[in-house]
**Q** 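I am attaching a structure below and will ask some questions about it afterwards.
Computed from a predicted model, the values in this text were never measured in an experiment.
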Amino acid sequence: MATGHTDPQRRERIIAATLDLIAEEGIARVSHRKIATRAGVPLGSMTYHFSGIDQLLREAFGRFTDHIVAVFDAHLGAAADREQARQAVADLVHELSEGSQRDLVLTQELYTLAARQPAYRALTHEWMRRSRVHLEKHFDPATARQLDALIEGLTLHRALAREPHGRDLTLEAVARITTTDPRSRP
């Protein structure tokens with residue numbers, strides 16, 4: 001097996017293997033040994049590249065949140081006006097709920113970890129902030145916050161429903177939140 005000096009992608013493979021294992025087996029079943037085997041690296045590489053499992057998990061989940069923020073950007077970045085942004089939000093909900101089961105599981109694993117451990121809560125807060133930046137290009141901050149929560153909720157409901165709701169209901173929900181200017185509310 002190659003040494004770290006001739007294997008510059010080793011660290012990246014370890015992070016990718018970590019995310020794959022979390023998605024397949026759940027965070028409670030992840031171990032240094034399983035990750036090293038999955039990544040095809042010596043067990044000693046784990047402590048060479050990461051101070052412990054906690055650092056590895058934070059970096060892996062950080063990489064995952066970067067991926068999801070990029071998905072937000074891909075959808076919302078092309079929207080030229082508010083109506084296109086509404087359509088983009090609906091597209092995003094449907095892509096996230098119909099797409100990668102891996103991403104859905106990783107999201108829920110991170111949320112569960114964040115509910116228990118403040119360090120991961122900080123990671124989810126940063127992820128939400130970054131997602132809202134993309135929404136705030138088209139909507140005021142309060143609306144962006146509501147939309148961010150709506151996206152998460154509708155995505156989860158669609159992904160887990162036996163008969164997921166259709167795009168019309170998603171668009172209706174997005175329109176209800178985004179049609180009224182919050183500054184004009186009593």
Side-chain angles (χ1 to χ4, degrees), residues 11-36 38-39 46-77 85 88-90 92-161 170 173-174 177-178 182:
R11 192 170 201 284
E12 294 303 313
R13 286 199 325 271
I14 292 169
I15 290 171
T18 300
L19 290 170
D20 289 344
L21 280 168
I22 292 168
E24 291 171 14
E25 298 186 21
I27 200 158
R29 299 202 52 186
V30 170
S31 69
H32 282 289
R33 186 171 306 282
K34 284 183 178 183
I35 294 167
R38 178 69 175 255
M46 302 301 291
T47 55
Y48 177 79
H49 290 286
F50 303 94
S51 63
I53 196 79
D54 197 51
Q55 180 194 6
L56 174 55
L57 291 174
R58 280 194 314 273
E59 288 196 37
F61 277 124
R63 185 74 46 85
F64 171 68
T65 61
D66 289 345
H67 160 69
I68 298 297
V69 170
V71 172
F72 264 69
D73 185 43
H75 282 278
L76 292 159
V89 169
L92 180 61
V93 167
H94 286 254
E95 178 179 325
L96 292 173
S97 62
E98 296 166 359
S100 168
Q101 185 71 22
R102 177 184 186 269
D103 287 355
L104 181 68
V105 170
L106 287 171
T107 298
Q108 299 315 307
E109 288 282 348
L110 176 55
Y111 285 161
T112 300
L113 197 57
R116 291 187 178 112
Q117 297 185 30
Y120 294 94
R121 196 167 304 130
L123 182 62
T124 60
H125 283 284
E126 178 60 14
W127 172 18
M128 290 177 212
R129 185 198 65 74
R130 291 173 62 204
S131 297
R132 285 192 308 266
V133 164
H134 294 292
L135 293 166
E136 287 175 9
K137 292 174 185 171
H138 307 285
F139 307 101
D140 65 86
T143 301
R145 184 176 292 271
Q146 292 170 358
L147 277 174
D148 193 30
L150 179 72
I151 291 165
E152 292 297 326
L154 289 178
T155 297
L156 186 59
H157 279 249
R158 287 195 85 253
L160 299 179
T170 303
V174 171
I177 289 175
T178 62

**Q** From Thr112 OG1 over to Gln117 CD, what is the distance, rounded to the nearest 0.5 angstrom?
**A**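 Thr112 OG1 to Gln117 CD: 11.5 Å, rounded to 0.5 Å.
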**Q** Taking all heavy atoms of Leu106 and all of Ala23, pick out the closest pair and write down the distance.
**A**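 Closest heavy-atom pair between Leu106 and Ala23: CD2-N, 3.9 Å.
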**Q** For the residue pair Trp127 and Tyr111, is the inter-centroid distance of their aromatic rings smaller than 6.0 Å?
**A**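 Yes, close enough.
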**Q** Do Arg158 and Thr170 pass the side-chain contact (heavy atoms from CB on, under 4.5 Å) test, and can you show the C-alpha distance, the side-chain angles, and the key distance before you say yes or no?
**A** CA-CA 10 Å; Arg158 287 195 85 253; Thr170 303; 4.3 Å; yes
**Q** Write down the atom of Arg11, the atom of His49, and the distance for their closest heavy-atom approach.
**A**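 Heavy-atom minimum between the residues: NH2-O, 3.6 Å.
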**Q** Could you tell me whether the side chain of Asp66 reaches within less than 4.5 Å of the side chain of Val69, counting heavy atoms only?
**A**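 Side chain of Val69 against side chain of Asp66, heavy atoms only: no contact under 4.5 Å found.
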**Q** Under a 3.5 Å distance rule, please check whether Thr155 uses its side chain to pair with a backbone N or O of Glu152 as donor and acceptor.
**A**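 Absent.
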**Q** Identify the two heavy atoms, one from Ala159 and one from Leu104, that lie closest to each other, and give their separation to 0.1 Å.
**A**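 Closest pair (atom of Ala159, atom of Leu104, distance): CB-CD2, 3.3 Å.
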**Q** Taking His138 for the side chain and Leu76 for the main chain, is one N or O donor matched with an acceptor at less than 3.5 Å?
**A**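 Checked: pair present.
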**Q** Side chain of Arg132, backbone of Arg145: donor and acceptor closer than 3.5 Å?
**A**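 Not a single qualifying donor-acceptor pair exists.
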**Q** Over all heavy atoms of both residues, which pair between Arg38 and Ala17 is shortest? Give the atoms and the distance, please.
**A**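 Of all heavy-atom pairs spanning Arg38 and Ala17, the closest is CG-CB, 3.5 Å.
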**Q** Please assess Val89 against Leu135 for the test side-chain contact (heavy atoms from CB on, under 4.5 Å), listing each intermediate value before the final yes or no.
**A** CA-CA 9 Å; Val89 169; Leu135 293 166; 3.9 Å; yes
**Q** Step by step, would you call Tyr120 with Leu57 a side-chain contact (heavy atoms from CB on, under 4.5 Å)?
**A** CA-CA 9 Å; Tyr120 294 94; Leu57 291 174; 3.4 Å; yes
**Q** Mind telling me whether Phe64 and Phe61 have parallel, tilted or perpendicular rings, with 30° and 60° as the class edges?
**A**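 The arrangement is perpendicular - the two ring planes meet at more than 60°.
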**Q** What pairs meet the salt bridge (charged side-chain N to carboxylate O under 4.0 Å, His left out) rule with one or both residues in residues 107-127, with sequence neighbours excluded?
**A**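 As it turns out, the salt bridge (charged side-chain N to carboxylate O under 4.0 Å, His left out) pairs with a partner in residues 107-127, which skip direct neighbours, are Glu126-Arg129.
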**Q** Between atom CG of Leu160 and atom CD of Gln108, what is the distance when rounded to the nearest 0.5 Å?
**A**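 Atom-to-atom, Leu160:CG and Gln108:CD are 7.5 Å apart.
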**Q** Could you give me the CA-CA distance, side-chain angles and deciding distance for Leu21 and Arg29, then say whether side-chain contact (heavy atoms from CB on, under 4.5 Å) is met?
**A** CA-CA 8 Å; Leu21 280 168; Arg29 299 202 52 186; over 6 Å; no
**Q** Of all heavy-atom pairs between Thr124 and Ala114, which one has the smallest distance, and what is that distance?
**A**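 Distance-wise, the nearest heavy atoms are CG2-CB, 3.6 Å.
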**Q** Which heavy atom of Val30 sits nearest to which heavy atom of Ile22, and what is that distance?
**A**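 In terms of heavy atoms, the two residues are closest at CG2-CG1, 3.6 Å.
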**Q** Any ion pair linking Glu24 and Lys34 (charged N to carboxylate O, less than 4.0 Å)?
**A**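 So Lys34 does not pair with Glu24 through a salt bridge.
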**Q** Do Leu110 and Thr65 have side chains that get closer than 4.5 Å, going by heavy atoms?
**A**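 A side-chain contact under 4.5 Å exists here.
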**Q** For the CD atom of Glu59 and the CG atom of Leu19, what is their distance to the nearest 0.5 Å?
**A**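 Reported to 0.5 Å precision, the distance equals 11.0 Å.
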